Protein chains: 2
Amino acid sequence: MPRVEIFNREDVLEKAVKLFHNKGYNATSMQDLVDATGLNRSSIYNSFGSKMELYQQSLRAYKAQANKYVQKVLVHNSDPLETIRKIFATSPDDKVNGCLLGNCTTEMANQDIDIKNFLTNNLISMQDLFVELVASGQASGSINGNKSAKDYAAYLFTALQGIRVTGILLDEQKDFESIVDTMLSVLE
Amino acid sequence: MPRVEIFNREDVLEKAVKLFHNKGYNATSMQDLVDATGLNRSSIYNSFGSKMELYQQSLRAYKAQANKYVQKVLVHNSDPLETIRKIFATSPDDKVNGCLLGNCTTEMANQDIDIKNFLTNNLISMQDLFVELVASGQASGSINGNKSAKDYAAYLFTALQGIRVTGILLDEQKDFESIVDTMLSVLE
DNA sequence: ATAATTTTGAAACGTTCATTTCAAATAAAA
DNA sequence: TTTTATTTGAAATGAACGTTTCAAAATTAT
C-alpha cells in the first residue's frame with residue numbers, strides 16, 4: 001500500500017558524512033544537509049530523526065567505511081607491519097579534514113556522553129585490531145618485544161590520531177611519510 | 001577625560017579561553033561569552049571587535065600561557081628528555097578538553113586560512129623548540145641519533161597532538177602515561 | 001562644577017537555526 | 001480504480017544567532 005522511499009539510504013549517508021567531515025557538527029546546518037543530499041527537509045526528519053541522529057549515523061557509516069578498507073588491506077597483506085603502515089596512509093578527505101572520529105572527539109566527546117561512549121568503543125575496537133597485528137608481528141619477529149602488544153596498540157591508536165590532526169596542516173606528502181616512518185620505527 | 005576600561009583584559013581573555021577550550025568556536029555563543037566574562041555585550045565588541053577576533057586573541061593567549069609553562073620547565077630542567085616529558089604532561093583543562101590549538105586545527109583549519117596560518121606558525125615554533133631539545137639530548141647522548149633532530153621534532157609534535165586527542169577519552173592516568181612512555185621510547 | 005569622552009545596559013536589528021505542520025502529490029495494494 | 005499509507009514541498013514556528021544602536025551612566029581633565 002505505501003509509497004516507498006525513493007532515495008538510497010547509503011548514498012544519503014555518504015553525502016552527510018562528507019559534509020560533517022568537512023565542517024564538523026555545529027557548523028553544518030540542516031539547510032546544508034538539504035542542499036547536499038538533495039532530500040527534502042521533511043524526508044530527512046522522517047528518515048533520520050534529527051540532525052544529531054543523522055550525525056551519529058554518519059559516524060557509524062564512516063566507521064563502517066574505514067573497517068571495509070581495513071578488511072581489504074588485511075586480505076591483501078600478510079606482513080603486519082606493512083598492514084599497519086597502510087592503515088596509517090591517508091585518504092584524500094582525511095588529508096584535508098582529518099579523521100571524522102578524531103574531529104568528533106575534540107568537538108563533542110566532552111559535551112555528549114553517548115558520543116563519548118561511541119568513540120570509546122571505537123578506540124577499543126581499533127586497539128583490538130592493533131593488538132592482533134602487533135602480536136602477530138612479534139610472533140614472526142618483524143616487530144620487537146620491548147613492549148607488550150597492548151602497549152604498542154594503545155600507542156599506535158594515539159599516534160594515528162596525531163597524524164590525522166597534524167596532517168591537516170602539512171602540505172608536503174614527504175613530511176607526512178617521514179613522521180609515519182618515525183612513528184612505526186618504535187616497532188622495528 | 002575619558003572613562004577608562006574597568007576590567008582586566010588578561011582576566012577576560014582567560015575566561016574566553018576556558019569557554020572556547022570547552023565548547024569550541026561554533027558551539028560558543030556571544031551570550032555564553034557575556035555570561036562567562038561578566039562583560040557587557042557592547043564592551044566585548046568595543047574591546048575585542050567580534051567573536052572571531054576574540055577567538056583569535058584567545059588562541060594567542062592560550063599559546064602564550066603554554067609558552068610560559070615551557071619556559072618554566074626549561075629553567076628548572078637540564079635533561080632534555082625530562083623536559084620533553086614534562087611538555088607532554090597534561091593540564092587538567094587539556095585532560096578534559098584536549099589541546100585548544102589541536103581542537104582549533106580540526107574545527108577551523110580547513111575553513112579559515114588566517115587560522116590555518118596561525119596554526120602552521122605554532123607548528124613551526126613548537127618543532128623548533130623540539131629540535132633544540134632533541135639536538136641537545138643527542139649531543140649529551142641521552143637521545144639516540146637514529147633519526148635527525150628535525151625528524152624527531154616533527155614526530156614529537158604529531159605525537160603530542162595524538163595524546164591530546166586520545167587523552168579526552170582516557171579515564172585512567174596510567175593508560176595515558178604508558179602511551180607517553182612508548183612515544184618517548186623512540187628517542188632512548 | 002563643568003565639559004569631554006568612554007563604557008554600559010537594554011533593546012532591537014535582520015538572519016539563520018532546528019524542527020514542525022499540513023495539504024498535495026505519489027505509488028503500491030486492494 | 002479506489003483505497004491506503006507515505007513521501008514531498010513549501011511555509012511557518014519560535015528560539016537563538018552575531019552584531020548594531022543609542023541614550024544614560026560614569027569617570028577623568030579642565
Side-chain angles (χ1 to χ4, degrees), chain A residues 1-61 103-104 107-108 111-115, chain B residues 1-61 103-104 107-108 111-115:
Chain A
M1 344 161 175
R3 181 176 178 188
V4 86
E5 243 178 33
I6 194 158
F7 57 84
N8 180 292
R9 222 183 147 81
E10 281 197 7
D11 292 348
V12 172
L13 274 178
E14 199 175 313
K15 284 167 182 167
V17 165
K18 270 205 148 64
L19 206 48
F20 284 128
H21 198 180
N22 184 246
K23 312 217 325 170
Y25 176 75
N26 286 294
T28 300
S29 72
M30 215 47 174
Q31 187 59 50
D32 290 336
L33 289 161
V34 168
D35 295 343
T37 61
L39 257 68
N40 187 273
R41 201 177 303 272
S42 313
S43 306
I44 296 183
Y45 280 93
N46 277 338
S47 304
F48 299 96
S50 67
K51 183 187 166 187
M52 175 53 80
E53 287 178 75
L54 177 52
Y55 180 65
Q56 293 185 3
Q57 292 176 60
S58 299
L59 297 180
R60 287 182 164 75
N103 299 358
C104 174
E107 187 179 12
M108 312 287 278
Q111 306 288 329
D112 187 307
I113 184 66
D114 290 337
I115 287 189
Chain B
M1 351 161 179
R3 181 178 178 184
V4 84
E5 241 177 35
I6 197 161
F7 57 83
N8 180 292
R9 223 185 146 79
E10 280 197 6
D11 293 348
V12 172
L13 274 178
E14 199 175 312
K15 285 166 181 167
V17 164
K18 269 205 149 63
L19 206 50
F20 284 129
H21 197 180
N22 184 244
K23 313 218 323 170
Y25 177 75
N26 286 293
T28 300
S29 73
M30 215 45 174
Q31 188 59 51
D32 291 337
L33 290 161
V34 167
D35 294 344
T37 61
L39 258 67
N40 188 273
R41 201 177 303 271
S42 314
S43 306
I44 296 182
Y45 280 93
N46 278 338
S47 305
F48 299 97
S50 67
K51 182 187 167 187
M52 175 53 80
E53 287 176 75
L54 177 52
Y55 180 66
Q56 293 186 3
Q57 292 176 58
S58 299
L59 297 179
R60 287 182 164 76
N103 298 358
C104 175
E107 185 178 14
M108 313 287 278
Q111 306 288 329
D112 186 308
I113 182 68
D114 290 336
I115 287 189

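Chain naming here is simple, since letters A, B, ... match the order of the sequence lines and numbering starts at 1 in each. From a predicted model like this one, the values you see are computed outputs, not experimental measurements. Excluded from the calculations below are hydrogen atoms, water molecules and symmetry mates; all remaining heavy atoms, backbone and side chain alike, are included.
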>> Test of understanding: with side chain to side chain donor-acceptor pair (under 3.5 Å), list the residues that count as partners of A:Q31, not counting sequence neighbours.
In response: A:D35, A:R41
> Considering only C:dT19, C:dT7, D:dT7, which nucleotide approaches the side chain of A:Y45 most closely?
Replying inline: C:dT19
> Nearest-Å distance, CG (B:L33) to P (D:dT19)?
Replying inline: 10 Å
>> Output the rounded distance in Å from CZ (B:F48) to C1' (C:dT7).
In response: 14 Å
> What is the distance, rounded to the nearest whole Å, between atom CZ of B:F7 and atom P of D:dA26?
Replying inline: 17 Å
> If only atom types and distance count, is the side chain of A:E107 paired as donor or acceptor with the main-chain N or O of B:E107 below 3.5 Å?
Replying inline: no
> Side chains of A:S29 and A:D32: donor-acceptor distance under 3.5 Å anywhere?
Replying inline: yes
> Which distance, rounded to the nearest 0.5 Å, do you find between the CG of A:N103 and the NZ of A:K23?
Replying inline: 14.5 Å
>> When the axes are fitted on five pairs at both termini, how much does the helix from C:dA1-D:dT30 to C:dA28-D:dT3 curve, in 10° steps?
In response: 10°
> To the nearest angstrom, how far is A:E53 atom CD from C:dT19 atom C1'?
Replying inline: 12 Å
> Hey, what do you get for CG (B:L39) to CD1 (B:I44), rounding to the nearest 0.5 Å?
Replying inline: 5.5 Å
> What do the steps show when you test A:K15 against A:L33 for side chain to side chain contact (heavy atoms under 4.5 Å, CB included), and what is the final call?
Replying inline: CA-CA 8 Å; A:K15 284 167 182 167; A:L33 289 161; over 6 Å; no
Atom pairs, N/O to N/O, protein against nucleotides 21-23 of chain C, distance under 3.5 Å?
unit_1: C:dT21; atom_1: O4; unit_2: A:S42; atom_2: OG; d: 3.1

> What string of B, S and - do you get for nucleotides 12-17 of chain D 5' to 3' if you count protein non-hydrogen atoms under 4.0 Å?
Replying inline: -----S
> What integer distance in Å separates B:N40:CG from C:dT6:P?
Replying inline: 17 Å
>> By the ring pair (Phe, Tyr, Trp, His ring centres under 6.0 Å) test, which pairs, at least two apart or in different chains, include something from residues 9-41 of chain B?
In response: B:F20-B:Y55, B:H21-B:Y62, B:Y25-B:Y55
>> As an exercise, state the distance from CE of A:M108 to CE of A:M52, rounded to the nearest 0.5 Å.
In response: 4.0 Å
> Once you round it to whole Å, what is the distance between C1' of D:dT8 and CG of A:L39?
Replying inline: 10 Å
>> I need the B:T28 OG1 to B:K18 NZ distance, nearest 0.5 Å.
In response: 14.0 Å
>> Checking B:D11 now: which residues fulfil side chain to side chain donor-acceptor pair (under 3.5 Å) with it, not counting sequence neighbours?
In response: none
> Can you tell me how far the CE atom of B:M30 sits from the OG atom of B:S50, to the nearest 0.5 Å?
Replying inline: 7.0 Å
>> Tell me the interatomic distance from A:N46, atom CG, to C:dT26, atom C1', rounded to whole angstroms.
In response: 14 Å
